[in-house]
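Below: the structure, in structure tokens.
The figures here come from the full heavy-atom set of this structure, side chains too, leaving out hydrogens, waters and symmetry mates.
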Amino acid sequence: MATSLTLILSSLFQSILILFFLLFPYQRNILIVAAPGGGKWDLLLSNIGTSAMHMQLLHTDRVVILDRTDFGPSNISLPNNNCRNDPRDQTLQIDCTAHSVEYDVSSNSIRPLMVLTNVWCSSGSAMPDGSLMQTGGFNDGDHNARVYKPCNDGSCDWQEFDNVLTQRRWYATNHILPDGRQIIVGGRGQFNYEFYPKKSRADLSYNLPFLSQTNDPRVENNLYPFVFLNVDGNLFIFANNRAILFDYVNGAVVNTYPTIPGGDPRSYPSSGSAVLLPLRNLQEGTNNISAEVLVCGGAPQGSYTSANNRNFVTALNSCGRIRITDPNPQWVMETMPSARVMGDMVLLPNGNVLIINGASAGTAGWELGRNPVLTPVIYRPNNQIGLRFEVQNTSSTPRMYHSTAILLRDGRVLVGGSNSHAYDNFNAGVLFPTDLTIETYSPDYLDPRLARVRPKIVSPVSQSQIGYGEQLAINFTAEGRINRDLIKVTMVAPPYATHAFSMNQRLLVLTNDNIGSSANVTSLGRSNYQVRMLTPGSNVVAPPGYYLLFVVYREFPSLGIWVQIK
């Protein structure tokens with residue numbers, strides 16, 4: 001009875017919300033949020049052949065998915081009787097199945113790819129030309145780099161470059177830099193960083209003592225460090241329970257941040273998640289742009305134990321938020337609606353953060369997680385503390401260790417993966433069988449009843465190129481009268497998602513010269529409008545590459561278009 005009443009009230013609330021937006025488009029300064037239990041889940045494919053340990057959206061609206069190669073055969077064959085011959089594979093030297101696939105969003109179809117060496121717990125990021133650069137892994141893949149150059153005719157596949165990395169990169173983090181290279185930070189037993197592609201043979205690896213200082217004996221807790229390019233050109237690097245601001249050019253620590261309150265570890269294997277919150281006021285210059293990092297969840301100190309002495313301690317339910325550009329930055333703590341470890345954080349086009357996947361007990365590792373968290377949460381960074389978290393509709397699919405989530409161009413979130421076992425295990429009687437499904441979560445802004453509220457971009461067309469510091473005119477349609485002050489334009493860098501962290505994830509809120517006025521939005525007649533914005537001013541604020549651009553009215557984003565900033 002209580003559940004039925006909740007559904008009725010939720011439906012009534014959403015109907016009132018829809019009516020409000022359609023009848024009162026000019027109302028402002030009123031806090032309106034969707035009813036608890038919002039959003040919609042849809043199963044896309046029940047079997048993509050391999051579990052989605054790694055995911056990256058490309059500018060062709062195709063998603064590259066990878067899993068480790070030494071689990072034995074996958075559930076999808078390589079085409080044309082191709083087989084991978086790997087003498088170092090510990091389970092299957094001759095393997096005629098695919099451990100990487102390309103998912104086509106528009107056709108909802110899968111195409112097998114051939115990855116030659118083991119990408120288990122590797123890292124990556126999209127490059128300025130739209131290629132996916134993927135580095136490291138396990139065993140025969142730990143010194144390798146791989147490139148996937150996207151295409152539209154189904155002919156593209158992985159290219160492999162053997163032994164091009166200076167150090168073994170397993171559980172490392174990649175980030176794109178202003179010059180278009182990637183920096184690769186850390187990894188198991190690696191207290192250093194390096195760059196790829198290399199500038200010369202003398203471009204080797206460089207020590208980073210911070211990583212040895214954050215290394216817990218026998219546990220580590222400093223793997224897959226949270227790395228973000230700050231607006232001053234330095235790197236914010238968070239490992240274990242603390243962070244530094246690092247000048248990677250000169251190899252110098254610029255700032256040491258306070259330890260996160262409570263002192264509990266947050267990076268792998270404690271596996272909280274982190275995100276750089278949306279960057280605003282980009283016309284102010286890099287010295288005046290504010291940058292904040294949000295770190296949520298993880299496993300408390302001492303919860304990571306061996307498989308023979310499992311200790312399923314309740315995960316952390318706290319988030320720490322810090323303004324990394326402040327002269328005296330301090331953590332501000334918040335409490336999530338539920339505890340979460342191994343969750344994913346996804347920047348939505350409207351600037352909100354989706355927290356999804358994971359467990360409420362245990363930690364990352366084989367068989368070490370319990371109590372799946374099936375309910376996503378939306379975090380609204382612009383609300384006051386206490387009004388930022390909003391519980392969403394529940395999924396029926398546990399997404400535990402090795403699950404992933406990424407934003408798609410249409411505003412949906414693609415969700416996949418989950419394998420808590422040392423080998424693929426599809427036994428229905430086992431806890432959390434290896435999952436080969438992919439599904440989408442559609443936030444409330446995609447409710448069909450609100451379609452009239454969503455803008456539609458007319459020009460520029462997708463795949464357009466833009467420069468730095470340019471005036472950008474965007475023509476769009478919106479039904480009915482709109483409050484022009486509530487239009488904004490965002491650019492989202494698509495990340496490489498794996499192990500509860502999305503590398504290179506970044507959202508920019510574009511601005512114009514007339515902040516606080518509606519002068520940048522003009523009516524072109526008959527529901528047609530033009531908004532004029534300034535593109536980001538430098539490659540420090542927006543590293544070169546492809547971004548998804550959205551026009552957002554209130555909290556409702558348009559269908560995104562791809563733009564390449566060069």
Side-chain angles (χ1 to χ4, degrees), residues 47-56 58 62-104 109-124 127 131-151 153-172 174 182 184 187-190 196-198 366 402 404 416-417 419 421-426 434-436 496 498-499:
N47 184 355
I48 64 169
T50 190
S51 193
M53 180 188 292
H54 309 267
M55 283 204 297
Q56 169 80 52
L58 301 176
R62 290 168 170 85
V63 179
V64 174
I65 297 171
L66 302 107
D67 196 9
R68 63 183 289 182
T69 60
D70 60 349
F71 271 177
S74 73
N75 279 18
I76 184 170
S77 297
L78 289 166
N80 304 319
N81 296 317
N82 286 333
C83 297
R84 183 176 61 93
N85 186 348
D86 187 354
R88 295 181 62 184
D89 192 313
Q90 299 173 356
T91 57
L92 190 64
Q93 292 185 5
I94 305 295
D95 187 357
C96 303
T97 62
H99 301 276
S100 178
V101 297
E102 180 191 70
Y103 171 67
D104 187 332
S109 61
I110 287 291
R111 182 171 70 89
L113 305 174
M114 179 183 279
V115 61
L116 296 176
T117 58
N118 200 345
V119 297
W120 179 22
C121 301
S122 52
S123 51
M127 297 296 284
S131 300
L132 172 58
M133 177 74 72
Q134 214 273 341
T135 56
F138 181 66
N139 199 10
D140 60 347
D142 59 10
H143 282 74
N144 283 16
R146 306 162 196 88
V147 175
Y148 184 81
K149 295 183 177 181
C151 62
D153 61 2
S155 64
C156 41
D157 211 333
W158 284 104
Q159 303 173 54
E160 192 109 12
F161 301 90
D162 293 333
N163 298 312
V164 294
L165 302 180
T166 305
Q167 304 293 341
R168 177 181 187 239
R169 299 296 171 188
W170 191 28
Y171 296 90
N174 291 27
Q182 288 188 31
I184 311 168
R188 296 203 71 171
Q190 300 298 332
Y196 194 80
K198 305 290 185 186
W366 308 131
H402 291 148
T404 45
N419 181 18
H421 315 287
Y423 295 93
D424 287 331
N425 192 332
F426 305 102
T434 301
D435 195 287
L436 302 180
Y496 183 93
T498 189
H499 288 78

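- Asp70 places none of its side-chain heavy atoms less than 4.5 Å from the side chain of Asn139.
- Here the closest non-hydrogen pair linking Leu436 and Ser51 is CD2-N, 3.5 Å.
- Ring orientation note: the planes of His499 and His54 are tilted relative to one another, at an angle of 30° to 60°.
- Atom NE2 of residue His99 and atom CD1 of residue Ile76 lie 11.0 Å apart, to the nearest 0.5 angstrom.
- From Thr135, atom OG1 reaches atom CZ of Arg169 across 8.5 Å, with rounding to the nearest 0.5 Å.
- No side-chain donor-acceptor contact under 3.5 Å links Asp424 to the backbone of Gly72.
- Between Trp120 and Phe138, the angle of the ring planes goes over 60°, which puts this pair in the perpendicular group of the 30/60° scheme.
- Between the side chain of Thr404 and the backbone N or O of Ala52, at least one donor-acceptor pair lies under 3.5 Å.
- Here the CH2-CZ distance, from Trp170 to Arg188, works out to 5.0 Å after rounding to the nearest 0.5 Å.
- Judged purely by distance below 3.5 Å, without hydrogens or angles, the side chains of Ser74 and Asp67 never pair a donor atom with an acceptor atom.
- The backbone N or O of Asn75 lies less than 3.5 Å from no partner atom in the side chain of Thr97, so there is not a single donor-acceptor pair.
- In this view, Arg111 and Glu102, Tyr148 satisfy the side chain to side chain donor-acceptor pair (under 3.5 Å) rule, not counting sequence neighbours.
- Within 6.0 Å of CG in Asn85 there are more than 12 heavy atoms belonging to other residues, nucleotides or ligands.
- Residues Leu66 and Val64 share a closest heavy-atom pair of CD1-CG1, 4.1 Å.
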Under the side chain to side chain contact (heavy atoms under 4.5 Å, CB included) rule, what do Met53 and Thr498 come out as? Steps first, then yes or no, please.
CA-CA 6 Å; Met53 180 188 292; Thr498 189; 4.1 Å; yes
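- Here the closest non-hydrogen pair linking Gly124 and Tyr496 is O-CB, 3.3 Å.
- The CE atom of Met133 sits 12.5 Å away from atom CD of Gln56, with the distance rounded to the nearest 0.5 Å.
- Atom CZ of Arg62 and atom CG of Asp104 lie 4.0 Å apart (nearest 0.5 Å).
- Nearest heavy atoms, Asn174 versus Gln182: ND2-OE1, 2.6 Å.
- Checked by atom type, the side-chain pair Thr117/Arg146 shows a donor-acceptor distance below 3.5 Å.
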Between His421 and Phe71, is the side chain to side chain contact (heavy atoms under 4.5 Å, CB included) condition met? List the steps.
CA-CA 10 Å; His421 315 287; Phe71 271 177; over 6 Å; no
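- Nearest heavy-atom pair across Ser123 and Ile184 is OG-CG2, 4.5 Å.
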Show, in sequence, the C-alpha distance, side-chain angles and deciding distance for Asp86 and Thr69, and conclude whether the side-chain hydrogen bond (donor to acceptor under 3.5 Å, both in side chains) test is met.
CA-CA 10 Å; Asp86 187 354; Thr69 60; 5.2 Å; no
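- Here the closest non-hydrogen pair linking Lys198 and Thr166 is NZ-OG1, 3.5 Å.
- A donor-acceptor distance shorter than 3.5 angstrom exists from the side chain of Thr434 to the backbone of Asn425, with no hydrogens or angles considered.
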